Protein chains: 2
Amino acid sequence: MLSKSSKYGIRGVLYLALNSNENRKFSPTTIAKYIGVPAPFLAKTLQLLTKNHLVSSSKGRHGGFYLSDKNKQNSLIAIVDCIDGLDKFESCIIGLPVCSNENPCPMHDRLAPLRRAMVEELTNKSIEEFTNDLRSGKTHIFL
Amino acid sequence: MLSKSSKYGIRGVLYLALNSNENRKFSPTTIAKYIGVPAPFLAKTLQLLTKNHLVSSSKGRHGGFYLSDKNKQNSLIAIVDCIDGLDKFESCIIGLPVCSNENPCPMHDRLAPLRRAMVEELTNKSIEEFTNDLRSGKTHIFL
DNA sequence: ATATAAAAAGATAAAAATATCTTTTTATCT
DNA sequence: AGATAAAAAGATATTTTTATCTTTTTATAT
């Protein structure tokens, strides 16, 4: 449904949302150890997110990845869009080049609204907001 | 969202649902031409579906692929399950090994119901039933 | 200034998905 | 029986995704 790259990316970003700030930065190795994903692959993904201003980083000694307050206001859909693109949520489920409300494929009318709803769920909540339930233990990213 | 294999498979099956029966069979080449997908790849997929009794075929002269009346009573979810498996709809959206109602990831509560609904939409309607809208022109698989 | 520790960039490798081609098997027509 | 036309099976090729490793750049502490 999502690529591994997106999955790792979201988990990494949520880890940083929970633990990092301008003066608490983390190496990909550390993050990877905590969230249980391959470190060099996560590093690549974090670099991509950094290049697109969804994650912050500083080089050199005491450098590392972190989320700025501004980064934390983004939604998770921005992460998915940056890594996978949104095509998988927006293009025809059976791959027809033409599929719209006017010219629907057989599943369009029933599935398009559900897919739109999924995108909305990832759009309407900031990364920051997702951390509330994580801090209270209602949800988790570690198990 | 679905693999190309599943997309082609569904399109091929719907084509057969519309046009084939025990004495009207089609070669992968013919089907592929109509639905606009690579013929040898479609052939592989149809062979897999045939092996799992979701599509029928006969070898030799005047052979080809077709859907029996029984095949037409299956749901599209059976096609997807056979080709891709249902994991992508059932496992954690961010790939956590543990993610359930009791131990949810941050998106679980909002996304799991939507994914379940998608599976239901593909479950509650037979392939046969999908052909009604296709015949009346309300939906299409050709554009 | 120099050493150091970190991200960034680049190169390479392995695995999976997609795509094509060739050979074998099989049913049926003549 | 032999020729034919089709699926089935197998082999190969290409592309994309996933994963790792190496080199370069850069900020900072000493």
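Naming convention: chains lettered A, B, ... in sequence-line order (proteins, then strands); numbering from 1 in each chain. Remember, predicted model here, so these are calculated numbers, not experimental data. Computed over heavy atoms, backbone and side chain alike; hydrogens, waters and symmetry mates excluded.
Map A/Phe41 and B/Lys51 each onto its nearest nucleotide of DNA chain D; the residue landing nearer the 5' end is B/Lys51. Where A/Arg61 and A/Ser3 meet DNA chain D, the nucleotide closest to each residue was compared, and A/Ser3 sits on the side nearer the 5' end.
For DNA chain C, the span of nucleotides reached by chain A at under 4.0 Å from its heavy atoms goes, 5' to 3', from C/dT4 to C/dG10.
Within 4.0 Å (heavy atoms only), B/Lys44 reaches at least one base atom of the nucleic acid. Note on A/Tyr66: nothing from the nucleic acid sits closer than 4.0 angstrom, heavy atoms only. Note on A/Gly60: a base of the nucleic acid sits closer than 4.0 angstrom, heavy atoms only. Looking at heavy-atom distances under 4.0 Å, A/Pro40 makes contact with a base.
As the counterpart of C/dT28, D/dA3 is assigned, both hydrogen-bonding distances of the Watson-Crick or G-U wobble pattern falling under 3.5 Å. Under the Watson-Crick or G-U wobble criterion, with both distances below 3.5 Å, D/dT24 is paired with C/dA7.
Checking A/Ser126 against A/Ser75 by side-chain atom types alone, no donor-acceptor pair falls below 3.5 Å. Side-chain contact annotation: A/Ser20 with A/Lys25, donor-acceptor N/O pair under 3.5 Å absent. Side-chain atoms of A/His108 and A/Asn101 include a donor-acceptor pair closer than 3.5 Å.
Residues A/Leu49 and A/Tyr66 fall into different hydrophobic clusters, defined by Ile, Leu, Val, Met, Phe, Trp and Tyr side chains chained together at heavy-atom separations under 4.5 Å.
Salt-bridge formation is not detected for the pair A/Glu128/A/Lys72: no Lys NZ or Arg NE/NH1/NH2 atom is positioned less than 4.0 Å from an Asp or Glu carboxylate oxygen.
We find that NZ of B/Lys4 is positioned 12 Å from P of D/dT15, with the value rounded to whole Å. To the nearest angstrom, C1' of D/dT26 lies 5 Å from NZ of A/Lys59.
Between the CG atom of B/Asp69 and the CG atom of B/Asn21 there is a distance of 8.0 Å, given to the nearest 0.5 Å.
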